[in-house]
Amino acid sequence: MSMDITFLGTGSAYPSPTRGASALVLRREGECWLFDCGEGTQTQFMRSHLRAGRITKIFITHLHGDHFFGLPGLLCTLSLQVNPDPTKPPVDIYGPLGLRYFIRRSLELSHSQLLFPYAVHELVPTRDQCPVEEFKEFSSLDGDEASPQGAQGRILHLDPVENSYLLLEDEQLVLKAFRLFHRVPSFGFVVEEKPRTGKLNVQKLKDLG
């Protein structure tokens with residue numbers, strides 16, 4: 001399994017002419033996994049050697065604008081670049097509780113319709129992830145009416161034994177989220193490659209003594 005990382009933006013707080021807002025791409029087996037999507041991320045994609053159309057997963061660390069205000073625009077641009085395909089697997093979007101509501105309302109208010117499916121998987125934070133006065137209760141948004149495009153997705157709760165959130169596991173890797181303390185609830189993501197069984201040519205070893 002090959003992986004490489006490209007930093008599209010390392011800035012914070014507000015946009016800079018010379019430094020993009022937070023965005024990082026992990027490229028794996030021809031897929032692009034985007035971590036954070038600050039303002040201008042789609043423009044940074046165009047300046048890079050990467051293809052935004054290869055994005056299959058998006059991960060948002062926390063709901064501060066410099067980490068996710070670029071998401072609605074990126075999704076709409078991706079939609080302009082694809083042909084409608086009902087069999088295409090959804091783009092998986094992971095982030096804190098409240099992210100699904102933000103995406104849905106952004107698309108509705110801008111009268112935007114995506115030509116590809118997406119699923120928002122929300123991580124339920126714990127109250128000790130930020131100062132008490134900054135914690136906001138977004139669980140009431142869970143019952144909001146679902147749109148056809150945003151109906152898919154899971155609500156993920158902390159596994160108290162592992163002290164993490166299991167997002168994905170396949171034959172090659174395990175993908176987890178863990179809690180971070182910040183001014184608002186935040187999450188880090190771990191991509192862990194599974195041990196690979198070695199291959200030995202037993203007969204050749206015997207021939208070599």
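Only this structure's heavy atoms are used, side chains among them; waters, hydrogens and symmetry mates stay out.
Annotation: side chain of Leu123 is in contact with side chain of Leu167 (closest heavy-atom distance under 4.5 Å). You'll find the side chain of Val190 reaches within 4.5 Å of the side chain of Phe178, heavy atoms only. Ile93 places a side-chain heavy atom less than 4.5 Å from the side chain of Ile103. Between Leu63 and Phe102, every side-chain heavy-atom pair lies at or beyond the 4.5 Å cut-off. Counting heavy atoms from C-beta outward, His182 and His64 have side chains that approach closer than 4.5 Å. Side chains of Cys32 and Thr56 form no contact here, defined as non-hydrogen atoms less than 4.5 Å apart. The side-chain heavy atoms of Ile5 and Leu24, taken from C-beta on, include a pair separated by under 4.5 Å. Annotation: side chain of Leu26 is in contact with side chain of Met3 (closest heavy-atom distance under 4.5 Å).
Remark: side-chain polar atoms of Glu162 are not paired, donor with acceptor, to backbone N or O of Asp159 under 3.5 angstrom. Counting only distance, with no hydrogens or angles, the side chain of Ser110 and the backbone of Ser106 share a donor-acceptor pair below 3.5 Å. Within the 3.5 Å criterion, the main-chain N or O of Thr61 finds a donor-acceptor partner in the side chain of Asp36. Formation of a donor-acceptor pair under 3.5 Å by the Glu192 side chain with backbone atoms of Leu175 is not found in this model.
By the side-chain contact (heavy atoms from CB on, under 4.5 Å) test, Asn83 pairs with no residue at all, sequence neighbours left out. Among residues two or more places apart in sequence or in another chain, the side chain to side chain donor-acceptor pair (under 3.5 Å) test is passed with Ser12 by none. Applying the ring-ring contact (aromatic ring centres under 6.0 Å, His included) rule to Tyr165 yields the partners Phe187; only residues at least two apart in sequence or on another chain are considered. Residues passing the ring-ring contact (aromatic ring centres under 6.0 Å, His included) test with His157: none are found, sequence neighbours excluded.
Between Arg28 and Asp4, no side-chain nitrogen of the basic residue sits less than 4.0 Å from a carboxylate oxygen of the acidic one, so the salt-bridge criterion is not met. Salt bridge present: Arg100 and Glu122 bring a charged side-chain N and a carboxylate O closer than 4.0 Å. Checked for salt-bridge contact, Lys194 and Glu169 meet the test: a charged N lies under 4.0 Å from a carboxylate O. The pair Glu137-Arg127 counts as a salt bridge, with a side-chain nitrogen and a carboxylate oxygen less than 4.0 angstrom apart.
Atom CZ of Phe181 sits in a crowded spot, with more than 12 heavy atoms from other residues, nucleotides or ligands closer than 6.0 Å. Arg51 CZ: 12 or fewer foreign heavy atoms inside a 6.0 Å radius. Enclosure of atom CD in Glu171 is not indicated, since only 12 or fewer non-hydrogen atoms of other residues, nucleotides or ligands lie within 6.0 angstrom.
In this structure, Ser164 and Leu158 approach most closely via the heavy-atom pair N-CD1, 3.4 Å. When all heavy atoms of Pro90 and Ala119 are compared, the closest pair comes out as CB-N, 4.1 Å. Minimum heavy-atom separation, Pro117 to Lys88: CG-O, 3.3 Å. The two residues Phe189 and Ile60 make their nearest non-hydrogen contact at CZ-O, 3.8 Å. When all heavy atoms are compared, the tightest approach of Gly188 to Leu180 is N-CD1, 3.6 Å.
Checked by atom type, the side-chain pair Arg19/Thr10 shows a donor-acceptor distance below 3.5 Å.
Hydrophobic clustering (side-chain heavy atoms under 4.5 Å, transitive across Ile, Leu, Val, Met, Phe, Trp, Tyr) keeps Tyr101 apart from Phe135. Cluster annotation: Phe35 is connected to Leu173 through the hydrophobic network of ILVMFWY side chains, with a link wherever side-chain heavy atoms come within less than 4.5 Å.
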Give the table of side-chain donor-acceptor pairs shorter than 3.5 Å for residues 68-82, with sequence neighbours excluded, one pair per line with atom names and distance.
unit_1: Thr77; atom_1: OG1; unit_2: Gln42; atom_2: OE1; d: 2.3
unit_1: Thr77; atom_1: OG1; unit_2: Gly73; atom_2: O; d: 3.1
unit_1: Ser79; atom_1: OG; unit_2: Leu115; atom_2: N; d: 2.8

Go through the steps for Leu168 and Lys176 under the test side chain to side chain contact (heavy atoms under 4.5 Å, CB included), then give the verdict. CA-CA 7 Å; Leu168 170 71; Lys176 293 183 178 181; over 6 Å; no
Evaluate Val91 against Phe116 for side chain to side chain contact (heavy atoms under 4.5 Å, CB included), listing each step before the verdict. CA-CA 8 Å; Val91 172; Phe116 61 88; 3.8 Å; yes
Passes side chain to side chain contact (heavy atoms under 4.5 Å, CB included), Leu107 versus Tyr118? Steps please. CA-CA 12 Å; Leu107 296 176; Tyr118 73 94; 4.0 Å; yes
Could you walk me through whether Arg179 and Asp128 pass side chain to side chain contact (heavy atoms under 4.5 Å, CB included), step by step? CA-CA 9 Å; Arg179 297 175 298 162; Asp128 56 354; 3.4 Å; yes
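The aromatic rings of His62 and His67 lie tilted to each other, with the angle between the two planes from 30° to 60°. Between Phe59 and Tyr94, the ring planes are parallel. Angles under 30° get that label, and only those over 60° would be called perpendicular.
Within the structure, the salt bridge (charged side-chain N to carboxylate O under 4.0 Å, His left out) test picks out no pair touching residues 58-84 (sequence neighbours left out).
One finds the CZ atom of Arg183 at 15.0 Å from the CD atom of Gln129 (value rounded to the nearest 0.5 Å).
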